[in-house]
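What follows is one structure encoded as structure tokens, with my remarks underneath.
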Amino acid sequence: MKKILAHNPLKSRDLLLWYQNNARELPWRKTSDPYKIWISEVMLQQTTVNAVINYYHRWLKRFPTIQSLARGNIHDILNLWQGLGYYQRARNIHKAAQIIYKDHHGEIPKNPKVLRKLPGFGPYTTNAVLSIAYELRLPLIDTNIRRLVMRQLALRGVANIKQNKTITTYLEKIMPKKNISFFNQALMELGALICKPKNPLCLLCPIQKNCKAFQKGIQELIPKTSKNKIKKINAAIALIQKERKFFIQKRPEKGLLAGLWEFPGGKQEKEKKIEETLKREIKEELKVSVTKSDFLMKVKHYYTQFAVTLHVFTCDVVPFPLEDDTHKWVILKNLKNFPMPSGSAKIVSKLKHDDNQQRRA
DNA sequence: AATACGGGGTT
DNA sequence: AACCCAGTATT
């Protein structure tokens with residue numbers, strides 16, 4: 001049977017030409033240092049370009065080389081990463097840097113199988129670093145490329161790991177012999193700027209004529225999306241002060257927001273009044289009793305799966321909780337030295353603001 | 001194969 | 001309020 005819609009694979013030349021004329025100027029595109037490219041790739045995981053840029057500059061200023069990073073401590077590293085999310089990434093970068101420094105003469109290994117074994121190097125990041133920094137001819141699949149190829153081939157269904165084989169085969173077919181770094185970046189850039197999830201700019205697309213989805217007019221239906229509802233949660237937060245110091249505690253080393261510092265408190269469960277939650281959590285966490293609590297502020301913070309409203313109270317407790325490795329009394333000014341979840345950081349920021357107002361008055 | 005893991009920007 | 005993002009590790 002004759003394939004009327006036989007696919008006409010895109011020419012890498014069209015793509016590279018477009019990239020040359022339309023690529024954004026991004027900090028990690030001005031370097032060929034594999035370390036810097038690695039850092040950018042990890043920061044960009046599930047994170048938008050805009051959110052990354054400042055973190056990228058701050059990070060390289062503090063840790064300009066793999067050696068400096070290998071010698072860094074996790075507290076400083078998390079502090080630099082604060083607000084970027086997915087904190088395991090920072091821990092893995094640190095671990096991998098130590099391995100690279102110790103076992104690979106401080107150079108990122110060029111063997112994909114070796115690199116893939118290091119913490120934080122998954123299928124995407126391994127091939128991204130090797131292709132972009134070392135020009136190795138390796139295909140890669142990120143959200144942009146997955147969407148773009150699904151449209152090129154008119155693959156229906158949700159964006160999913162199940163299409164990886166098809167996508168990889170296609171990429172290997174269209175990949176040029178040279179310019180792999182530009183080619184891979186060009187695919188991602190085209191996905192980000194033209195082949196967008198919503199309202200793709202097909203009329204400006206350099207590979208429009210190769211796109212099966214465009215031919216069928218179904219580009220906006222690919223990939224299929226699923227809805228998710230955001231749960232609402234209330235939490236009680238205790239500001240416990242002794243003289244000018246606040247009491248903070250460290251979260252467990254595993255799980256959500258691992259190893260970050262926060263004010264004591266927790267989720268509202270069966271309690272009707274949030275003050276009851278406050279008392280229960282403080283008793284459970286610190287083994288002390290709340291004798292007085294005054295509502296201070298409400299802070300709303302959105303996670304991917306839920307939205308939490310933090311009900312913040314200033315509290316008196318008996319007895320005062322004690323310090324140890326995971327519990328500290330800290331003055332307002334020094335709280336910035338402790339990596340905190342963004343919700344807690346918002347509270348600190350308001351406290352500072354109020355403090356400044358009072359000083360002026 | 002499904003789920004945990006953040007947060008900020010955009011729609 | 002929902003959607004989106006240069007994914008990885010664990011279960």
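Every chain is numbered from 1 and lettered A, B, ... according to where its sequence line falls, protein lines coming before strand lines. Values below: every heavy atom of this structure, side chains too, minus hydrogens, waters and symmetry copies.
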Quick tally for nucleotides 3-11 of chain C: nucleotides whose base has a protein heavy atom under 4.0 Å get B, sugar-phosphate-only ones S, the rest -, giving SSBBBSS--
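- Comparing the same atom, P, in B/dA4 and in C/dA6 gives a spacing of 23 Å after rounding to whole Å.
- Interface limits on DNA chain B: the 5'-most and 3'-most nucleotides within less than 4.0 Å of chain A heavy atoms are B/dC5 to B/dG8.
- For the ring-ring contact (aromatic ring centres under 6.0 Å, His included) condition, the pairs that include at least one residue of residues 330-361 of chain A, sequence neighbours left out, are A/H75-A/F338, A/W261-A/F338.
- Among the protein residues, A/G255 comes within range of the sugar-phosphate backbone only, with heavy atoms under 4.0 Å from sugar or phosphate atoms but none that close to a base.
- If you take atom P in B/dG6 and the same atom in C/dT10, they sit 14 Å apart, rounded to whole Å.
- Legend: residues meeting ring pair (Phe, Tyr, Trp, His ring centres under 6.0 Å) with A/F306, ordered by chain and number and at least two apart, are A/Y303.
- Residues that satisfy the ring pair (Phe, Tyr, Trp, His ring centres under 6.0 Å) test with A/Y19, not counting sequence neighbours, are A/F182.
- Sequence neighbours left out, not one pair with a member in residues 89-118 of chain A passes ring-ring contact (aromatic ring centres under 6.0 Å, His included).
- By the side chain to side chain donor-acceptor pair (under 3.5 Å) test, A/K30 is found to be paired with A/E25, residues two or more places apart in sequence or in another chain being considered.
- Mapping A/L257 and A/K196 onto DNA chain B by nearest heavy atom places A/L257 at the nucleotide closer to the 5' end.
- Residues forming a side chain to side chain donor-acceptor pair (under 3.5 Å) with A/Y124 (at least two apart in sequence, or on another chain): A/E41.
- Sorted by first and then second residue, the ring-ring contact (aromatic ring centres under 6.0 Å, His included) pairs involving residues 276-296 of chain A (not counting sequence neighbours) are A/F295-A/F313.
- A/Y134 places a side-chain N or O within 3.5 Å of a backbone atom of A/I108 that can act as its donor or acceptor partner.
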